[in-house]
2 protein chains.
Amino acid sequence: MSGMRIGEVAQASGTTAKTLRYYEDVGLLPDPDRSPAGYRDYGPEVLDRLHFIRRGQAAGLTLAQIGQVLAIRDRGQAPCQHVTDLLDTRLAVIDRQLAELAQLRTTIAILREHATTGDPATCSPEDVCRYL
Amino acid sequence: MSGMRIGEVAQASGTTAKTLRYYEDVGLLPDPDRSPAGYRDYGPEVLDRLHFIRRGQAAGLTLAQIGQVLAIRDRGQAPCQHVTDLLDTRLAVIDRQLAELAQLRTTIAILREHATTGDPATCSPEDVCRYL
DNA sequence: CTTGACCTTCCAGTGCACTGGAAGGTCGAT
DNA sequence: ATCGACCTTCCAGTGCACTGGAAGGTCAAG
């Protein structure tokens, strides 16, 4: 009984056939069965795996990091320590990004306010625009 | 009176001479003065500019986006309405990024808790790792 | 039996932000 | 005078995550 072809998997997972072949190339997806004609023949479990990959990516992990976790999972060992380490690192990076973004927002917001207070008469480049 | 050479600027700003030349190439830094020998001769204001670039980058902005904002600043003559429009767009993007980043943070924090609650016994690949 | 959608492989290109290296010029110190 | 650290330009390569396109095979529908 044949499963899904690459286009169906792409559709179902919201990616492209190109990307699926790429994932296979870099070892994120196992080599699938083939139909007599050589078409890739996927079982439904590939969708879980792609969901895992997508979630990992949404969490800011690189494909290499996701691949590490998948490799550990494929060997049947619980990668909890590994996962928590990765996630802790991610959290730290995100907190830093949030802080910097908030700071930048403040800077720009202040400038924007400078740019609006006063009509064109008082809005000279020297007074307003170069304080960005 | 001569200012800083590229190596000094690199050192002072925590980047490399290579990167500074690259920034110049892509228009993030203005063409600096040159010494008689052709060495780049930077004034101290370049450090402010590099600090701004670094903060923008730390906040997850691309060099192209940072370049847009810098271009506004450089065109000190830009009409204020135009400036506020661009800044509003920037703020909207930053607010969206902040929201997404906050969401991502929450997601990862939840995942991390899932990964730690439970001892190795319950931490089987099937039970835990697929929550990632 | 042809059309068109789908599949195959392979190789090359994209965009971002650098980074490396060759080949050569400049400068202060020994 | 020459050494070494610095500078110059130019071109090419890296890593990530795809993406495009050529050249050809497969298959159900009309």
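When reading the values below, keep in mind they use all heavy atoms of this one structure, side chains included, and skip hydrogens, waters and symmetry mates. Source: prediction; values computed, not measured. Here is how names work: the chains are called A, B, and so on, in the same order as the sequence lines, proteins then strands, and each is numbered from 1.
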Participant: Closer than 4.0 Å, any side-chain N/O of A/Arg40 to the OP1 or OP2 of C/dT8?
Facilitator: yes
Participant: Check the distance between D/dC7's P and B/Asp33's CG and give it to me in whole angstrom.
Facilitator: 16 Å
Participant: In dot-bracket, 5' to 3', how would DNA chain C read with Watson-Crick or G-U wobble pairs under 3.5 Å, [ ] for crossing ones and | for pairs to another strand?
Facilitator: ||||||||||||||||||||||||||||||
Participant: Which part of the nucleic acid, if any, lies within contact of B/Arg21, taking any heavy atom under 4.0 Å across all strands shown: a base, the sugar-phosphate backbone alone, or nothing?
Facilitator: base
Participant: Give me the atom names and distance for the closest heavy-atom approach of B/Glu24 to B/Pro32.
Facilitator: OE1-CD, 3.4 Å
Participant: Roughly how many Å is it from CG in B/Asp25 to C1' in C/dC16, rounded to a whole number?
Facilitator: 15 Å
Participant: I'd like to check the salt bridge (charged side-chain N to carboxylate O under 4.0 Å, His left out) partners of B/Arg5; sequence neighbours left out, ordered by chain and number.
Facilitator: none
Participant: For A/Tyr39, does its backbone N or O pair with a side-chain atom of A/Ser35 as donor and acceptor, under 3.5 Å?
Facilitator: yes
Participant: Under the 3.5 angstrom rule, does the side chain of B/Asp41 hit a backbone N or O of B/Gly3 as a donor-acceptor pair?
Facilitator: yes
Participant: Looking only at heavy atoms, which two atoms of B/Asp74 and B/Arg49 are closest? And how far apart?
Facilitator: OD2-NH2, 2.6 Å
Participant: In whole Å, what is the span from the CZ atom of A/Arg34 to the C1' atom of D/dT26?
Facilitator: 14 Å
Participant: Evaluate the side chain to side chain contact (heavy atoms under 4.5 Å, CB included) criterion for residues B/Leu47 and B/Met4: first the C-alpha distance (whole Å), next the side-chain angles of each, then the deciding distance (0.1 Å), finally the verdict.
Facilitator: CA-CA 10 Å; B/Leu47 295 180; B/Met4 289 172 289; 4.1 Å; yes
Participant: Quick one: A/Glu24 CD to C/dC10 P, roughly how many Å, whole number?
Facilitator: 12 Å
Participant: In whole angstrom, what separates B/Asp41's CG from D/dT8's C1'?
Facilitator: 15 Å
Participant: For A/Gln11, does the CD atom have more than 12 heavy-atom neighbours from other residues, nucleotides or ligands under 6.0 Å away?
Facilitator: no
Participant: Same cluster for B/Val46 and B/Leu63 if Ile/Leu/Val/Met/Phe/Trp/Tyr side chains link at under 4.5 Å?
Facilitator: yes
Participant: With the sugar-phosphate defined as primed atoms, P, OP1 and OP2, and the base as all remaining atoms, what B/S/- string results for nucleotides 17-30 of chain C, 5' to 3', for protein heavy atoms under 4.0 Å?
Facilitator: BBSBB---BBS---
Participant: Whole-Å distance between D/dT8 C1' and B/Asp31 CG?
Facilitator: 14 Å
Participant: Measure from CD on A/Glu8 to C1' on C/dC6 and round the result to the nearest Å.
Facilitator: 10 Å
Participant: Charged N to carboxylate O under 4.0 angstrom, A/Asp48 versus A/Arg55?
Facilitator: no
